[in-house]
Amino acid sequence: METGQRFSKKRQAIYDALFASREHPSAEWVYQTLKPEYPDLSLGTVYRNIKNMVASGDVLCVGTVEGKERYDAHVEPHAHLVCRICGTVVDMEITEAMALQCQVVARENKVELDLNSLHF
């Protein structure tokens, strides 16, 4: 994590919880996970730190799933497959063929493509 902010045990714990989870958790999940270890942790602290991590590029916002923003600390280029039924978010490798097809669709529709934030 390279936020450029001064070191904080809580900030590091929030990042570590996000990085350890492949479930693309919400801020509420992070809060509930860390609360037993950090009894003075507030939900506002979790939201504020995640917001700063997203702004610095240390964490990705996957989007809103079942009414909650979901996050990913694995920021290497990859796509996300989101199930509309159960809300599961799964990492998906972006193959060369997939990237080329997306570029064709983007060009045909005159839109800018960001493969770092590709969701299905």
Side-chain angles (χ1 to χ4, degrees):
M1 178 178 61
E2 300 180 21
T3 63
Q5 298 179 14
R6 138 179 99 85
F7 178 78
S8 157
K9 283 185 181 182
K10 289 179 188 172
R11 183 179 306 113
Q12 187 65 49
I14 291 166
Y15 177 80
D16 291 345
L18 288 168
F19 193 82
S21 174
R22 295 306 263 179
E23 304 296 316
H24 305 84
S26 66
E28 292 86 354
W29 180 92
V30 172
Y31 171 74
Q32 293 297 329
T33 299
L34 296 178
K35 187 68 174 170
E37 187 176 345
Y38 298 92
D40 61 335
L41 180 68
S42 73
L43 184 56
T45 296
V46 173
Y47 272 110
R48 188 171 41 261
N49 278 282
I50 290 175
K51 178 182 174 185
N52 290 338
M53 290 175 203
V54 169
S56 69
D58 291 324
V59 170
L60 300 172
C61 180
V62 175
T64 303
V65 180
E66 296 184 326
K68 295 181 181 181
E69 291 291 325
R70 302 276 289 275
Y71 302 97
D72 189 354
H74 297 270
V75 296
E76 68 283 348
H78 65 283
H80 293 101
L81 178 67
V82 181
C83 178
R84 291 183 187 163
I85 307 288
C86 70
T88 297
V89 181
V90 179
D91 287 334
M92 200 170 123
E93 179 186 349
I94 300 173
T95 65
E96 187 175 330
M98 182 190 304
L100 289 173
Q101 182 62 38
C102 289
Q103 289 169 352
V104 168
V105 171
R107 189 172 45 252
E108 288 173 352
N109 290 284
K110 297 179 175 75
V111 296
E112 188 174 326
L113 177 64
D114 180 2
L115 288 176
N116 290 319
S117 140
L118 188 59
H119 303 264
F120 294 94

Please round to the nearest 0.5 Å and tell me the distance separating atom CZ of F19 and atom CE of M53.
-> 13.0 Å

In Å and rounded to the nearest 0.5 Å, what is the CG to CD1 distance from N49 to I14?
-> 4.0 Å

Which pair of non-hydrogen atoms, one from L113 and one from A106, has the smallest distance, and what is that distance?
-> CB-CB, 3.9 Å

The single option from Q32, E66, K68 that satisfies side chain to side chain contact (heavy atoms under 4.5 Å, CB included) with S26 is K68

What side-chain donor-acceptor pairs closer than 3.5 Å can you find for residues 87-98, not counting sequence neighbours?
residue	atom	partner	partner atom	Å
D91	OD1	H24	NE2	2.7
D91	OD1	H78	NE2	3.1
D91	OD1	H80	NE2	3.3
D91	OD2	R22	NH2	3.3
T95	OG1	M98	N	3.1

Report the distance from atom OG1 of T33 to atom CG of D16, rounding to the nearest 0.5 Å.
-> 12.5 Å

Kindly give the heavy-atom pair with the smallest separation between L41 and Y31, and that separation in Å.
-> O-CE1, 3.3 Å

Taking side chain to side chain donor-acceptor pair (under 3.5 Å) as the test, write out the residues that go with T45, two or more places apart.
-> S42, R48

Connected to L100, directly or through other members, by ILVMFWY side-chain contacts below 4.5 Å are none

Does atom NZ of K35 have more than 12 heavy-atom neighbours, drawn from other residues, nucleotides or ligands, at distances under 6.0 Å?
-> yes

Which of V62, L18, L60, V30 passes side chain to side chain contact (heavy atoms under 4.5 Å, CB included) with Y71? It is L18

Can you name the side chain to side chain donor-acceptor pair (under 3.5 Å) partners of S21, sequence neighbours left out?
-> none

Check W29 against A17 and note the closest heavy-atom contact, atom names and distance.
-> CZ3-O, 4.0 Å

Within one Ile-Leu-Val-Met-Phe-Trp-Tyr cluster: V75 and V82, side-chain cutoff 4.5 Å | no

K10 meets the salt bridge (charged side-chain N to carboxylate O under 4.0 Å, His left out) criterion, sequence neighbours left out, with D40

L81 and V105: same hydrophobic cluster, using ILVMFWY side-chain contacts below 4.5 Å?
-> no

Pairs touching residues 97-111 that satisfy side chain to side chain donor-acceptor pair (under 3.5 Å), sequence neighbours left out = none

Can L34 and V46 be said to form a side chain to side chain contact (heavy atoms under 4.5 Å, CB included), step by step?
-> CA-CA 10 Å; L34 296 178; V46 173; 5.5 Å; no

